[in-house]
Student: 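This is the structure I have questions about; it appears just below.
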Amino acid sequence: MAHKLVIVESPAKARTIGGYLGRDYVVESSIGHIRDLPNSAADTPTKIKDQPWGRLAVDVDHGFEPYYVVPRDKKAHIAKLKKLLKDADELYLATDEDREGEAIAWHLLDELKPGKDVPVKRMVFHEITKQAILEAADNPRELAMDLVEAQETRRILDRLYGYEVSPVLWKKVMSGLSAGRVQSVATRLVVDREQERMKFRVASYWDLDGTFDAGSGHDPRIFPAKLYSVDDVRVARGSDFGNDGELSKRDRVHLTRADAESLAGALADTTYAVRSVESKPYTRKPYAPFRTTTLQQEASRKLGMSSSVTMSVAQRLYENGFITYMRTDSTTLSGGAVQAARTQVRELYGADYVPDQPRVYASKVKNAQEAHEAIRPAGESFRTPAQTGLSGDQFRLYELIWMRTVASQMKDARGESVTIRLGGAAADGRDVVFSSSGRTITFHGFLRAYVEDTDDTSKRRDDVETRLPALAEGEAVSAASVTPEGHETKPPARYTEATLIKELEEREIGRPSTYASIIGTILNRGYVYKKGTALVPAWLAFSVTRLLVEHFPRQISYEFTARMEDVLDDIAGGRRDRNTELAEFYFGSGDVEGLKTLVNELGDIDARELATFRVGDREEGINLRVGRYGPYLEGDEDGPFAGKRANVPDDLPPDELSVAKARELFANPAGEEIELGQHPETGLRVVAKNGRYGPYVTEQLPEDAPKKDRPRTGSLFKSMSLDTITLEDAVKLLSLPRVVGEDADGVEITAQNGRYGPYLKKGTDSRSIDSEEKLLSITLDEALAIYAQPKQRGRAAAQAPLKELGNDPVSGQPVVVKSGRFGEYVTDGEYNATLRKDDSVEDLTLERAAELLADRRARGPAKKAAKKGAKKAPAKKTAKKSTAKKATKKVAKKS
DNA sequence: CAGTGAGCGAGCTTCCGCTTGACTT
């Protein structure tokens, strides 16, 4: 029977909506985007691979035309959708109403290609309630192609940014690194904050902490107050100092310890009078319902969940129908949800807590696309946490969301905040004022249900009460105690996952669906690491950020994304043109240099300079350098540490690398070594360390040993670890190479560990052996037996194929799968093709193997001599010719 | 930044945004 096919983005949404729409409709999901630019060479179609822009999959010379592919794991799903469409008489594209959703709708249309007799409609809704869905089905619109263009612009710009700038980092900093519009700015935020911390100079300041007695009859009778001013000049507090440790405000008196102590002494006999009592009404509005970022922040503060844990717990709640969609930038509640919340407030707290009018929360997020509701309990009436039957993290997160939603429809908290100033004269004639502030809450309102936590420990939570006595102006008060108190300013706090995400949102960088993964990216790349909950930048991030700031200032600027959003809005509104904008970004225009130009001009970037950071002043002569094996210190040629180097522990936060710390590291450059004891024969100290080639043991020669005496070393066997290694093991390792014996001609055979693993050596003839343990145990007979065998030429060749697939349709040669140095590959005897990411030996068919081989063949014979100059002539003459051609062509393109 | 001996298929890394998968006992 014919039906109408509705396609939404999320399977859980499809289920819900299917229930609302009834039997005439079949509701399916796209499961997000269904097509995208190929993300790696393996997925790039052969026909564009050899184009100069093939790596980008965007034809930058012809209108920035993108080449989309359906990812392998989506193919089956597309087939399913096509099948459903076959029996449909109408297609409703009901993806989210935002830029990405509009693009998904267009991709669906372009990929499913409905027949002319199947009308296509675009259906949009912002809340998943029966009424909203039915209305949406009755009021479809057309696809907004300008919005699709805006999304394409965003997609292409991100591709060009990421895939052009990342290779610059591979060349100049380290292979495998990445740069992108979002991650690079996120990293920069963390680096900039650390640099502020490094520049930070602490300020010490003092004040007086007083305890005052309001006299009997007052409740409370005793109350605290702090020194506020001396001779009408305000006493400096922490916020009055800048990061340089200097007072940043005028008209402040900076008290030292001596000042504070002498003033306290002079106040010993002072009596005080109330100078002023200022009372203001205190009102506090409830917080808006959760959106993705605020949920992540509160789950972090209240439940200690990381952003990724929060999202996956929320995902499960969503899939099981407990909450609405969790990736949203909207704080809007549907009418039904508002009613449900108000009902719940009445039931739980009484009618007094229900405001007359429902509360409406406008979005605070600048580039909000508001395709969804706020995150709230699902349904038209809310289940209390106890009614859900949930447990563990799901229960706790649901409870948080429920409380927040309910509280958002409660009355304001009301009360009074009071400031009391007490004045008195010191023995030396100075006039002093103490100040005390209190807060009383007369009606808690929403605070009974939910109080937001704060990241800033100096801020009071909204529900904290401090009661003060009801004093009147002129009333006399005595001091119970006046104590000098010392304080120090604190450096700006490091970002946590939650505060970094908050910062990114405020700067319009990233989207709800990506906040958690942005953190994942910068952690995975090694740009930042976590120390407790704090995000600490690695030195690598300093190098990368420096390169980007110096050479891609526009792209790495904090405003880049916000400006891009404005442009995209204009494209979506038909006021600007996609190609003009992309061309400006990529090729430049007027005095704006394009990305392409910047990338091409990078030959002169000095990688060494980029990776060098001065520690302390020039005179100290200390540099930190970011090396392939991590950060290390190096002395200036003309400085006190000339020629010296020292490892810097990977987990030493950059702001803790003081000059003193650097000197300490120079003094003990060995870094972390594990003391194993004294060698029973030589009496030398034996230690285990981590080195360039992994963990190893070595012995410490006496300081006065001649320089050419090298200490013996030995890599740990794979079966050993630095945690468990014993002196006994170490002694064995140091005994290598071991003399196994002599052959019939009197040539010595030794056993040792090398770059390619354990092996035997007889003169210049070496043979691999199969276990490291055998280095210690192999006998002369066994060794002679190995040498009696002819030498194997190459490990790969010696191994039997993993699988035989039959004959290749092109070459007619048998195709086999083998395991080699670079992983598994297929070969027909002439060409070898490495298996791609998604291939497995088990599932590999001859068809797929032939595809890989054809792909490989299309790129021509292996180019052996191309790189390091021809050492040996390649076996095949024909191969040599085309190799040379290929190589020249490539060079020409690069320059 | 410890120090080592052969000869072996080179080819790939990377962006941001949408959304959930998961071969088995």
Side-chain angles (χ1 to χ4, degrees), chain A residues 9-13 29-34 36-37 39-42 55-56 73-74 77 95-96 98-101 103-104 107 151 154-167 169-170 174-184 315 319 327 510-514 517-518 521 525 627-630 632 634 645-647 669 671 689 691-694 696-698 710-715 737 752-756 759 761 764-768 791-798 818 820-823 825-827 830-834 836-837 840 842-843 856 859 862-864:
Chain A
E9 287 181 40
S10 145
K13 199 192 258 186
S29 65
S30 70
I31 325 182
H33 272 291
I34 56 141
D36 192 11
L37 299 171
N39 79 110
S40 67
R55 202 178 50 82
L56 304 168
D73 58 343
K74 280 283 167 69
H77 191 67
T95 47
D96 297 347
D98 55 20
R99 207 159 58 211
E100 298 296 327
I104 292 174
H107 278 295
Q151 190 276 345
R154 199 276 310 152
R155 179 67 190 91
I156 293 167
L157 185 145
D158 281 335
R159 166 55 61 97
L160 296 176
Y161 191 135
Y163 277 38
E164 287 287 16
V165 181
S166 297
L169 300 181
W170 304 343
M174 194 193 289
S175 184
L177 295 180
S178 62
R181 173 175 58 83
V182 171
Q183 61 169 293
S184 295
Q315 174 86 30
E319 282 169 8
R327 291 183 276 262
R511 301 282 312 138
S513 65
T514 61
S517 60
I518 294 165
T521 300
R525 293 280 172 274
R628 278 188 64 187
Y629 311 107
Y632 62 97
E634 192 179 65
R645 282 180 172 174
N647 270 324
K689 315 192 221 188
R692 188 155 43 130
Y693 311 115
Y696 69 104
V697 293
T698 185
R710 287 284 183 78
R712 293 183 296 172
T713 61
S715 283
Q752 60 227 278
N753 228 335
R755 189 146 57 112
Y756 311 110
Y759 68 106
K761 187 175 170 180
T764 56
D765 191 5
S766 63
R767 302 290 172 89
S768 285
K791 185 161 176 146
Q792 304 273 347
R793 304 214 88 232
R795 255 196 318 208
K818 289 185 174 182
R821 191 157 56 113
F822 306 118
Y825 65 102
V826 290
T827 175
E830 187 179 6
Y831 286 96
N832 304 308
T834 308
R836 302 288 159 77
K837 239 190 308 190
S840 75
E842 270 171 48
D843 298 339
R856 178 67 193 81
R859 256 169 293 132
K863 30 187 171 176
K864 266 188 194 167

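Residue numbering restarts at 1 for every chain, and letters A, B, ... go by the order of the sequence lines. Please read all numbers here as calculations on a predicted model, not as lab measurements.
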Student: Expressed in angstrom and rounded to an integer, what is the separation of Leu56(A) atom CG from dC15(B) atom P?
Tutor: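 In whole Å, dC15(B) P and Leu56(A) CG are 14 Å from each other.
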Student: Base, sugar-phosphate, or nothing for Asn753(A), non-hydrogen atoms under 4.0 angstrom?
Tutor: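 Base contact.
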Student: Would you mind calling dG17(B) syn or anti? Take O4'-C1'-N9-C4 for purines or O4'-C1'-N1-C2 for pyrimidines, and syn is within 90° of 0.
Tutor: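 Here the answer is anti: the torsion falls beyond 90° from 0.
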Student: Just by distance, with hydrogens left out, do Arg327(A) and Ser513(A) show a side-chain donor and acceptor under 3.5 Å apart?
Tutor: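 No donor-acceptor contact under 3.5 Å links the two side chains.
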Student: At under 4.0 Å between heavy atoms, what does Ala179(A) touch on the DNA or RNA strands: base, sugar-phosphate, or nothing?
Tutor: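 The answer is sugar-phosphate, as Ala179(A) gets under 4.0 Å only of primed atoms, P, OP1 or OP2.
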Student: Rounded to whole Å, how long is the line connecting atom NE2 of His107(A) with atom P of dT19(B)?
Tutor: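 Between P of dT19(B) and NE2 of His107(A): 15 Å.
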Student: Taking Arg55(A) first and then Glu164(A), would you say they form a salt bridge - that is, a charged N and a carboxylate O separated by under 4.0 Å?
Tutor: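 Answer for the salt bridge query: yes.
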Student: Between C1' on dG17(B) and CD1 on Ile156(A), what's the gap in Å once rounded to a whole number?
Tutor: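 It is 14 Å, rounded to the nearest whole Å.
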Student: Measuring from atom CZ of Arg154(A) to atom CZ of Arg181(A), what distance do you get when rounded to the nearest 0.5 angstrom?
Tutor: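 Result: 6.5 Å between the selected atoms.
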Student: Quick one: label Gly101(A) by what it contacts on the DNA or RNA (base, sugar-phosphate, nothing), any heavy atom closer than 4.0 Å.
Tutor: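 No contact.
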Student: Verify, without hydrogens or angle tests, whether Lys74(A) (side chain) and Ile31(A) (backbone) share a donor-acceptor contact under 3.5 angstrom.
Tutor: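 Present.
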Student: Which part of the nucleic acid, if any, lies within contact of Gln315(A), taking any heavy atom under 4.0 Å across all strands shown: a base, the sugar-phosphate backbone alone, or nothing?
Tutor: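 The residue Gln315(A) makes sugar-phosphate contact but no base contact.
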Student: Please pick, from dA2(B), dT20(B), dT14(B), the nucleotide with the shortest atom-to-atom distance to any side-chain atom of Ile31(A).
Tutor: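 Within the option list, the nearest is dT20(B).
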Student: Centroid distance below 5.5 Å plus an interplanar angle below 30 degrees: do Trp170(A) and dT13(B) meet both conditions?
Tutor: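 Given the distance and angle limits, yes, they stack.
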Student: With no angle test and no hydrogens, is the base of dC16(B) tied to the side chain of Arg159(A) by a donor-acceptor pair under 3.5 Å?
Tutor: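 Absent.
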Student: To the nearest Å, how far apart are Asp73(A) CG and dC18(B) P?
Tutor: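 From Asp73(A) CG to dC18(B) P: 18 Å.
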Student: For the side chain of Thr698(A) and the backbone of Arg712(A), is there at least one donor-acceptor N/O pair under 3.5 Å apart?
Tutor: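 Confirmed, Thr698(A) side chain pairs with Arg712(A) backbone.
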Student: Please report the distance, rounded to the nearest Å, between NZ in Lys74(A) and P in dT20(B).
Tutor: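 Checked: the NZ to P distance equals 10 Å.
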Student: So, does Tyr163(A) get its side chain near the phosphate of dC15(B), meaning an N or O under 4.0 Å from OP1 or OP2?
Tutor: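 The answer is no; no side-chain N or O of Tyr163(A) sits under 4.0 Å from OP1 or OP2.
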Student: For Leu169(A) and dT13(B), what is the distance between atoms CG and C1' respectively, to the nearest whole Å?
Tutor: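 About 11 Å, once rounded to whole Å.
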Student: On the nucleotide dT20(B), are OP1 or OP2 found under 4.0 Å from the side-chain N or O atoms that Arg327(A) carries?
Tutor: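 So the side-chain polar atoms of Arg327(A) do come within 4.0 Å of the phosphate oxygens OP1 or OP2 of dT20(B), strictly under.
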Student: Check every atom of dC15(B), dT4(B), dT19(B) against the side chain of Tyr759(A) and return the nucleotide holding the closest atom.
Tutor: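 Closest nucleotide to the Tyr759(A) side chain: dT4(B).
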Student: To the nearest Å, how far apart are Asp158(A) CG and dG17(B) P?
Tutor: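 So the CG-P distance, Asp158(A) to dG17(B), works out to 6 Å.
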Student: Looking across every strand, which nucleic acid part, if any, lies under 4.0 Å from Gly32(A) by heavy atom: base, sugar-phosphate, or nothing?
Tutor: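 Result for Gly32(A) = base.
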Student: Check whether any side-chain N or O of Arg511(A) sits under 4.0 Å from OP1 or OP2 of dC16(B), and answer yes or no.
Tutor: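 Result: no.
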Student: Syn or anti for dG11(B), taking syn as within 90° of 0?
Tutor: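 The base of dG11(B) is oriented anti (glycosidic angle more than 90° from 0).
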Student: Is the shortest side-chain N/O distance from Ser175(A) to OP1 or OP2 of dT13(B) below 4.0 Å?
Tutor: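 Checking Ser175(A) against dT13(B): no side-chain N or O falls below 4.0 Å of OP1 or OP2.
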Student: Please work out if Glu319(A) contacts a base, only the sugar-phosphate, or nothing of the nucleic acid, heavy-atom cut-off 4.0 Å.
Tutor: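 Sugar-phosphate, no base atom in range.
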Student: Indicate, with a heavy-atom threshold strictly under 4.0 Å, whether Arg712(A) touches base, sugar-phosphate, or nothing.
Tutor: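 The residue Arg712(A) makes no contact with any strand.
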Student: Look at Ser178(A) and dC15(B) and indicate whether a side-chain polar atom (N or O) is within less than 4.0 Å of OP1 or OP2.
Tutor: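 So the side-chain polar atoms of Ser178(A) do come within 4.0 Å of the phosphate oxygens OP1 or OP2 of dC15(B), strictly under.
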Student: Could you check whether Leu177(A) gets within reach of a base, just the sugar-phosphate, or nothing at all, counting any heavy atom under 4.0 Å?
Tutor: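 Sugar-phosphate contact only - Leu177(A) comes under 4.0 Å of backbone atoms but never of a base.
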Student: Spell out, as yes or no, whether a donor-acceptor pair under 3.5 Å connects the side chain of Thr95(A) to the backbone of Gly101(A).
Tutor: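 Answer holds: yes.
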Student: Hey, which sits more toward the 5' end of DNA chain B by its nearest nucleotide, Ile104(A) or Leu37(A)?
Tutor: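 Its nearest nucleotide lies further toward 5', so the answer is Leu37(A).
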Student: Output the rounded distance in Å from CD (Glu100(A)) to P (dT19(B)).
Tutor: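 Taking CD of Glu100(A) and P of dT19(B), I get 9 Å after rounding.
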Student: Between His107(A) and Asp36(A) (side chain of the first, backbone of the second, donor and acceptor by atom type, cut-off under 3.5 Å), is there such a pair?
Tutor: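 A pair under 3.5 Å: no.
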Student: Donor-acceptor pair, distance only, cut-off 3.5 Å: does the side chain of Ser517(A) make one with the backbone of Thr514(A)?
Tutor: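 Confirmed, Ser517(A) side chain pairs with Thr514(A) backbone.
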Student: Under 4.0 Å between a side-chain N or O of Arg154(A) and OP1 or OP2 of dC18(B)?
Tutor: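 It does not, given that no N or O in the side chain of Arg154(A) lies less than 4.0 Å from OP1 or OP2 of dC18(B).
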Student: Whether Thr514(A) contacts dG17(B) is assessed here as follows: a side-chain N or O lying under 4.0 Å from the phosphate OP1 or OP2. Is that the case?
Tutor: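 Yes, such a contact exists.
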Student: Taking only the side-chain heavy atoms of Tyr696(A) (C-beta and beyond), determine which of dT14(B), dA2(B), dT19(B) contains the nearest atom.
Tutor: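 Ranking dT14(B), dA2(B), dT19(B) by closest atom to the Tyr696(A) side chain puts dA2(B) first.
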Student: Would you mind classifying the nucleic acid contact of Tyr161(A) as base, sugar-phosphate or nothing, using non-hydrogen atoms under 4.0 angstrom?
Tutor: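 The answer is nothing, as Tyr161(A) stays clear of every strand by at least 4.0 Å.
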Student: Which part of the nucleic acid does Pro167(A) contact within heavy-atom distance under 4.0 Å: base, sugar-phosphate only, or nothing?
Tutor: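 Base, at least one base heavy atom under 4.0 Å.
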Student: Students often get this wrong, so: under 4.0 angstrom with heavy atoms, is Thr521(A) touching a base, only sugar-phosphate, or nothing?
Tutor: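 Here Thr521(A) touches the backbone only, sparing every base.
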Student: Whether Gln151(A) contacts dG17(B) is assessed here as follows: a side-chain N or O lying under 4.0 Å from the phosphate OP1 or OP2. Is that the case?
Tutor: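 False: Gln151(A) side-chain N/O out of range (4.0 Å or more) of dG17(B) OP1/OP2.
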